[in-house]
Amino acid sequence: MDKEQNDENMLVPAEDIRHVSGSAARKIFLIVFSVVAVFVLGIMILTGAIASKLLATKPVEYTPEALDMVAFSAVQRKIIPVYQQMFRSKPEDSYKLTLSEKEINVILTNVQTVGKTIMGTQLSNDDDSRFVWPAGLNVKYADKCFCCEYSYELPFSILFGKYINLYGRFIPEMKNGNIKFTCKDVRAGKIGVPAKTVNQTIINEISANNEDIAPLTKIISDFYIDESGLLHVTIYPYALRVYIMEYMKRRMEERAEEERQEKLEKQKEAKKIK
């Protein structure tokens, strides 16, 4: 009898079981929720930390240097003979240019600020995109390197901004028509990017666009910076003339075709109206 009573006393009421199971469930839920919350919070903090270093609220601003008239005159004296020799040189004739840091920056400033070549030829909006300076790209020459800044605008904006500002220092080189790039340091915002990866990307792009690069290697055989920071360029004026003539012919043919297509479209529209 006592044993049966003891057994009965050992039975746990159903509501107590529900209470215990509910309490355990709540505890498990709280533990899981806490782990998930910490995980999500960690991701948010990590993402926020990355975003704060990667994004910016403003694009990089280009502040052109004051035009050095002495350097500008020096550049003109060096480049004008190239244009003069285009019409009287032979295919094997070359012309060597040596440019100082100031002279290089005069060319870069002139191209970036007024959209003109050093000879003053205006680049119109309908010109080939290869001859139009990319918007948002700023380049200066300093410490034997070409220092580049570029702002990439995202299609959306978040708390930390909508611009990825890219910075890099590069040493382009061409010898006997072979192109080489040396990347010094590259950053996306405040995050460093492996120079080796960027260098390989540039090489891949050059290989992929060989059709556009090939004429350049015929016009310029050497392009390198010496130990003192001077830029040496070897140009073939005859090849430059051939390229300009072929380019002008191609553009005239393309524009003639565009005009022909426009005329056909107008004729079609006129027939529909009738």
Side-chain angles (χ1 to χ4, degrees), residues 37-65 99-113 129-130 132-175 178-210 212-213 216-217 220 222-233:
V38 169
F39 179 72
V40 172
L41 182 62
I43 291 176
M44 290 176 66
I45 292 171
L46 181 61
T47 304
I50 294 173
S52 67
K53 290 185 177 182
L54 179 65
L55 299 176
T57 55
K58 295 180 180 180
V60 292
E61 294 182 1
Y62 174 64
T63 305
E65 296 181 0
L99 300 170
S100 67
E101 180 177 312
K102 285 186 177 181
E103 291 168 346
I104 296 168
N105 281 320
V106 160
I107 296 173
L108 291 173
T109 298
N110 197 40
V111 170
Q112 292 175 90
T113 54
S129 60
R130 287 174 293 178
V132 178
W133 192 262
L137 175 63
N138 305 322
V139 182
K140 290 183 180 180
Y141 180 71
D143 300 324
K144 305 178 189 178
C145 292
F146 286 91
C147 308
C148 304
E149 298 177 329
Y150 180 73
S151 289
Y152 177 78
E153 185 178 356
L154 297 173
F156 55 85
S157 179
I158 62 173
L159 177 64
F160 300 102
K162 61 183 295 188
Y163 295 97
I164 300 178
N165 293 332
L166 305 172
Y167 306 87
R169 293 169 64 236
F170 306 93
I171 303 175
E173 185 178 298
M174 183 189 295
K175 287 191 176 180
N178 297 314
I179 300 173
K180 177 184 174 184
F181 264 86
T182 303
C183 303
K184 285 297 184 180
D185 53 86
V186 183
R187 290 182 291 114
K190 297 178 181 178
I191 300 174
V193 180
K196 187 177 180 181
T197 302
V198 178
N199 195 53
Q200 188 59 49
T201 302
I202 292 173
I203 291 171
N204 292 341
E205 282 296 314
I206 291 172
S207 300
N209 295 279
N210 188 57
D212 292 332
I213 300 296
L216 178 65
T217 59
I220 299 175
D222 293 319
F223 182 101
Y224 64 93
I225 299 165
D226 67 17
E227 293 182 357
S228 63
L230 294 174
L231 175 64
H232 298 270
V233 185

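All values derive from a computational prediction rather than experimental measurement.
Considering all non-hydrogen atoms of both residues, Ala142 and Cys147 come closest at O-SG, 4.1 Å. Among all heavy-atom pairs drawn from Ile220 and Val233, the shortest one is CG2-CG1, 4.1 Å. Taking each heavy atom of Gly192 and Arg187 in turn, the nearest pair found is CA-CG, 4.2 Å.
To the nearest 0.5 angstrom, Thr109 atom OG1 is 11.5 Å from Ile104 atom CD1. Distance check: Thr201 OG1 to Asn204 CG gives 6.0 Å after rounding to the nearest 0.5 Å. Atom-to-atom distance recorded for Phe223:CZ and Leu99:CG is 8.5 Å, nearest 0.5 angstrom. Put simply, OH on Tyr224 and CE on Met174 are 13.5 Å apart, with the number rounded to the nearest 0.5 Å.
Side chain of Asn105 to main chain of Glu101: a donor-acceptor pair is present (N/O by atom type, distance under 3.5 Å, no hydrogens or angles).
Considering only residues two or more places apart in sequence or on other chains, Lys144 meets the salt bridge (charged side-chain N to carboxylate O under 4.0 Å, His left out) condition with none of them. Asp143 meets the side chain to side chain donor-acceptor pair (under 3.5 Å) test with no other residue; sequence neighbours excluded. A search for ring pair (Phe, Tyr, Trp, His ring centres under 6.0 Å) contacts involving Phe146 returns Tyr141, not counting sequence neighbours. The side chain to side chain contact (heavy atoms under 4.5 Å, CB included) test applied to Cys183 returns Phe170, Val186, Ala195, Val198, Asn199, Ile202, not counting sequence neighbours.
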Can you give the donor-acceptor pairs under 3.5 Å from side chains of residues 225-232 to other protein atoms, not counting sequence neighbours?
residue	atom	partner	partner atom	Å
Asp226	OD1	Ser228	N	2.9
Asp226	OD1	Ser228	OG	2.8
Asp226	OD1	Gly229	N	3.0
Asp226	OD1	Leu230	N	2.9
Asp226	OD2	Ser228	OG	3.4
Asp226	OD2	His232	NE2	2.8
His232	ND1	Thr98	OG1	3.4

- Glu149 vs Asn165, side-chain contact (heavy atoms from CB on, under 4.5 Å): CA-CA, chis, key distance, verdict: CA-CA 7 Å; Glu149 298 177 329; Asn165 293 332; over 6 Å; no
